[in-house]
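What follows is a set of notes on a single structure, which appears directly below.
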There are 2 protein chains.
Amino acid sequence: MQPRRTNPERAEATRAALLEAARALFVEKGYAKTSTPEIVEAAKVTRGALYHHFADKPDLFRAVLEREAQAVADEIEAAASPGPAPRAAVIAGSLAYLDAMSVPGRTRLLLVDGPAVLGPSEIASIDEAHAARSLREGLEAALGPKPRAFSIPAMTALLSAAFDRAALAIEAGSDPAAFRSAMISLVERVVPPA
Amino acid sequence: MQPRRTNPERAEATRAALLEAARALFVEKGYAKTSTPEIVEAAKVTRGALYHHFADKPDLFRAVLEREAQAVADEIEAAASPGPAPRAAVIAGSLAYLDAMSVPGRTRLLLVDGPAVLGPSEIASIDEAHAARSLREGLEAALGPKPRAFSIPAMTALLSAAFDRAALAIEAGSDPAAFRSAMISLVERVVPPA
DNA sequence: CAAATAACATACAGGCTGTATGTATGCAAC
DNA sequence: GTTGCATACATACAGCCTGTATGTTATTTG
């Protein structure tokens, strides 16, 4: 607890406190019903600090989301290393995605409030930079270059949406096994065995 | 323009004016950035009238959404009459859904702002009462009672999400033909021919 | 050590939501 | 037909929230 702290240290500490407090409140009450006075109180800073680090409330939300999307992408990468069996890698990545999205709050942040606050196009670009990219590359590796009845980017988007809905349903209390198996069944029909 | 109007007439007229004005503004600027003063100005009534007819702003939004979901469901029903060919009916209903969702504003209302404002569970129940129910019944008719690798309600939810993403992508400017064919391809893999 | 700057803190203006209260018109009973 | 009530609004107000503008303190730099 030295009162002697370097400037980047102070800044990073308050930034982290704001991100953590904001994440917790956005998850608990949703973006719209969370006020900046609440956030700064939980983070034990003032609104001046918030508006010093972030342009506005959506900008803070965006920062929370990018962290979260990065964490999800990391978990997928760890599980679905693109080895010699691309089909197995896609299925492993699929289950890893559902596991990653079961971390409390992630569905609300990334799938519910995110599109409304930042717009579906910005969410799509965050997604394409993280989780969806893994899926697309997995499909390309598993399907090869021969002609197909569908475009890979389009099918990636459709499957990605199905993944999201599965995560939401599981979060809402549906049977996880039922949605996991339905999702795998869907992927297997798109990527035929060998 | 007789100043002599019956009470139910007056009420229904202002209700309709509010719903129409609100829909237009929610579509143009989104729910969060649309204020009730704006809405009542466009509808040429006062905020007193709004809060007389609707409990609060989310309640007005819900009324707009229910109308919209009903309209979508009607278009699907018209196209996918469950005749003797259940597989063809599912495919016809699929294309009808994408057409219905191409009416300007519907994706934003039903797929973007809806889940954030009313919560995904309430949106899911509105959907199950309208469009998703058609799809589930179509799948049941097309797949029959024999055992499958997946549960029909779960697969209905996943396909429904893929439909929604296709509608969003088309709205965002992606190639409609690519998404239509990818979507049909997905449905065909779930519902094998005959 | 002095000036400049980063990192906040405080104060304020404008706008929005929901409620409480007031009013006029249709309506129903007598 | 008039009296009383309910419906359908209209107006006014209180509280909160967002973003900005300005002030203050600690750190860094020349």
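Numbers restart at 1 for each chain; the letters A, B, ... are given by sequence-line order, proteins then strands. Both backbone and side-chain heavy atoms feed into the values below; hydrogens, waters and symmetry mates do not. Predicted, not measured: the structure shown is a model, and the values here were computed from it.
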Query - Euclidean distance, atom CG of residue B:Leu60 to atom P of C:dG18 [Å, nearest integer] - result: 11 Å
Query raised in the report: What do you reckon, is CD of B:Glu41 surrounded by more than 12 foreign heavy atoms closer than 6.0 Å?
Result: no
Between the protein and nucleotides 27-30 of chain C, are there any N/O to N/O pairs under 3.5 Å, and if so, what are the atom names and distances?
{"residue": "C:dC27", "atom": "OP1", "partner": "B:Thr6", "partner atom": "OG1", "Å": "2.7"}
{"residue": "C:dC27", "atom": "OP1", "partner": "B:Asn7", "partner atom": "N", "Å": "3.3"}

Query raised in the report: In whole angstroms, how far is the P atom of C:dG15 from the CD atom of B:Glu41?
Result: 13 Å
Query raised in the report: What's the NZ-C1' distance between B:Lys57 and C:dC16, to the nearest Å?
Result: 8 Å
Report summary line: Separation of C:dA7 atom C1' from A:Tyr51 atom OH, nearest Å, is 17 Å
Query raised in the report: What's the CZ-C1' distance between B:Phe54 and D:dA8, to the nearest Å?
Result: 14 Å
Query raised in the report: With side chains defined as the heavy atoms from C-beta onward, is the minimum distance between B:Glu188 and B:Arg87 less than 4.5 Å?
Result: yes
Query raised in the report: So which nucleotide from C:dC8, C:dG18, D:dC9 ends up closest to the side chain of A:Thr46?
Result: C:dC8
Report task. Can you tell me the distance, in whole Å, between the CD atom of B:Glu12 and the C1' atom of D:dA8? Result -> 13 Å
Report task. Would you tell me whether B:Ser35 and B:Glu38 have side-chain atoms, one donor and one acceptor, within less than 3.5 Å of each other? Result -> yes
Report task. Please state whether the phosphate of D:dA8, meaning OP1 or OP2, lies under 4.0 angstrom from any side-chain nitrogen or oxygen of B:His52. Result -> yes
**Report entry** Side-chain heavy atoms of A:Ile152 within contact of A:Arg148, under 4.5 Å
**Finding:** yes
Query raised in the report: Do B:Leu98 and B:Met101 come close enough that some side-chain heavy atom pair is under 4.5 Å?
Result: no
Query raised in the report: Between B:Tyr97 and B:Phe163, what is the ring plane arrangement, given parallel below 30°, perpendicular above 60°, and tilted in between?
Result: perpendicular
Query - Ring geometry between A:Phe26 and A:Tyr31 (parallel below 30°, tilted from 30 to 60°, perpendicular above 60°) - result: tilted
**Report entry** Under-3.5 Å donor-acceptor pair between A:Arg47 side chain and D:dG19 base
**Finding:** yes
Report summary line: Here the distance between atom C1' of C:dG26 and atom CD of B:Glu9, to the nearest Å, is 12 Å
Query raised in the report: Taking side chain as C-beta onward, heavy atoms only, is A:Met183 less than 4.5 Å from A:Ser94?
Result: no
Requested in this report: Pull out every residue in residues 13-40 of chain B that has a heavy atom closer than 4.0 Å to any atom of DNA chain D, ordered by number, or say none.
Outcome: B:Thr14
Report summary line: By nearest-nucleotide position on DNA chain C, the 5'-leaning member of B:Asp56 and A:Ala49 is A:Ala49
Query raised in the report: Minimum heavy-atom separation for B:Ala63 to B:Phe54, with atom names?
Result: CB-CE2, 3.7 Å
Report task. Report the distance from atom NZ of A:Lys44 to atom P of C:dA9, rounded to the nearest whole Å. Result -> 14 Å
